[in-house]
Amino acid sequence: MAVWKKEIGSIEEMEKLAAAIGSYLQPPDVLTLEGDLGAGKTTFAKALAKSIGVTRTVSSPTFTIIKQYEGNYPLNHLDVYRLANSDEDLGWDELFYGDAISIIEWAQFIEEELPEHRLEIVIRHIGPHTRTVELTPKGERFTQICEEIFT
Ligand SMILES: Nc1ncnc2c1ncn2[C@@H]1O[C@H](COP(=O)(O)OP(=O)(O)OP(=O)(O)O)[C@@H](O)[C@H]1O
Ligand SMILES: [Mg+2]
């Protein structure tokens, strides 16, 4: 399985990458975001939301776990950090196999609930403004999207 790795030098570059990916998405695509506190998961999700036409202000769903938006498509933005070690069911099937695009921060905490086909994104903190982003496409559709973006 191919893994794509990109060095990011600024917030703007991160936003560009998120927007590039966002331009290929349609429901019910699922993107997962992993990375430490402050890695840039919400920053990425906000830029992705904008690229799919969400005009409302997107803010971190850390306390509510999920926020839903309307753009060109419905968007589910989740932060499941608070579900670590819990088996709470937020209605995963309706969320991930419905009519929305989903982007999930701290997705490793709900690993068993995730659809098999998804785009896994890991952000690593390198310096104040530098990051690495590692993309692992699970399934043919996301493999093709990565190939189009990176080749
Ligand atoms: N290249 C970059 N990409 C993303 N964020 C960056 C970058 N450079 C600096 N930052 C800053 O790093 C911070 C990232 O915060 P953000 O809330 O996006 O992280 P997070 O991964 O969602 O954290 P949490 O685990 O708390 O949800 C922001 O203050 C942002 O401005
Ligand atoms: Mg966040």
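We count ligands from 1, going down the list as the structure has it; atoms in each ligand are counted the same way.
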Side-chain heavy atoms nearer than 4.5 Å, only ILVMFWY residues, links allowed to pass through others: does that put Val30 and Tyr73 together?
no
Check each heavy atom of Met14 against ligand 1 and say whether those closer than 4.0 Å belong to the side chain, the backbone, both or neither.
side chain
Are Leu119 and Tyr24 close enough, and set up right, to give a side-chain contact (heavy atoms from CB on, under 4.5 Å), and what steps lead you there?
CA-CA 12 Å; Leu119 180 58; Tyr24 287 93; over 6 Å; no
Please state which protein non-hydrogen atom is closest to atom 18 (O) of ligand 1 and give its distance, to 0.1 Å?
Thr43 OG1, 2.6 Å
Any idea how Trp4 and Phe150 line up, ring-wise: parallel (<30°), tilted (30 to 60°), or perpendicular (>60°)?
parallel
Protein contact to atom 24 (P) of ligand 1 [nearest heavy atom, distance to 0.1 Å]:
Lys41 NZ, 3.7 Å
Measuring to protein heavy atoms, does anything land under 4.0 Å from atom 29 (O) of ligand 1?
no
Any idea which protein heavy atom is nearest atom 27 (O) of ligand 1, and the distance to it?
Glu105 OE1, 3.3 Å
Out of Gly38, Ala39, Ala45, Gly35, who gets a non-hydrogen atom closest to atom 23 (O) of ligand 1?
Gly38
Would you mind reporting whether Trp106 and Leu37 have side-chain heavy atoms less than 4.5 Å apart?
yes
Output the list of atoms in ligand 1 that are nearer than 4.0 Å to some heavy atom of Ile8, sorted by atom number.
1 (N)
For residues 39-54, pull every pair meeting side-chain hydrogen bond (donor to acceptor under 3.5 Å, both in side chains), keeping only residues two or more places apart or in separate chains.
Thr42-Glu105
Quick one: pull up CG in Leu114 and CG in Leu31 and give me the separation to the nearest 0.5 Å.
11.5 Å
Qualifying residues under side-chain contact (heavy atoms from CB on, under 4.5 Å), relative to Arg141, sequence neighbours excluded
Gln26, Asp29, Ile145
Determine, using heavy atoms of Trp106 and all atoms of ligand 1, whether some pair is separated by less than 4.0 Å.
yes
Among all protein heavy atoms in this structure, tell me which lies nearest to atom 26 (O) of ligand 1, with the distance rounded to 0.1 Å.
Leu37 CD2, 3.5 Å
Residue portion contacting ligand 1 (non-hydrogen atoms closer than 4.0 Å) for Phe44
neither
Protein contact of atom 17 (O) of ligand 1 - nearest heavy atom, named by residue and atom, plus distance:
Thr42 CB, 3.7 Å
Over 12 non-hydrogen atoms of neighbours within 6.0 angstrom of NE2 in His129
no
Between Ile123 and Ala39 the two heavy atoms that sit nearest each other are CG2-O, 3.5 Å
What pairs with Thr62 under side chain to side chain donor-acceptor pair (under 3.5 Å), at least two apart in sequence or on another chain?
Ser60, Asp79
Is the closest N or O pair between Thr130 and ligand 1 shorter than 3.5 Å?
no
Around atom 10 (N) of ligand 1, find the nearest protein heavy atom and jot down its residue, atom name and distance.
Arg131 NH2, 3.3 Å
Hey, is ligand 1 close enough to Ser60 that some N/O pair sits below 3.5 Å?
no
Considering only protein heavy atoms, which is closest to atom 31 (O) of ligand 1, and at what distance to one decimal place?
Ile11 CD1, 3.1 Å
Verify the neighbour count for atom OH of Tyr81: are there more than 12 heavy atoms of other residues, nucleotides or ligands below 6.0 Å?
no
Flag yes if more than 12 heavy atoms outside Glu147 fall under 6.0 Å of its CD atom; otherwise flag no.
yes
State whether Arg131 and Glu15 are salt-bridged, where the test is any N-O pair (Lys NZ or Arg NE/NH1/NH2 against Asp/Glu carboxylate O) under 4.0 Å.
no
Do Leu48 and Leu25 come within less than 4.5 Å of each other through their side chains, counting heavy atoms only?
yes
Of the side chain and backbone of Asp36, name the one, both, or neither that has a heavy atom under 4.0 Å from an atom of ligand 1.
backbone
Short N/O distance, under 3.5 Å, between Thr62 and ligand 1?
no
Where Thr32 and Ala107 come nearest, the two heavy atoms and their spacing
CB-CB, 3.4 Å
Under-2.8 Å protein N/O/S neighbours of the Mg ion (ligand 2), ordered by chain then residue number
Thr42 OG1, Glu105 OE1
So which heavy atom in the protein is nearest atom 9 (C) of ligand 1, and how far is it from that ligand atom?
Pro128 O, 3.3 Å
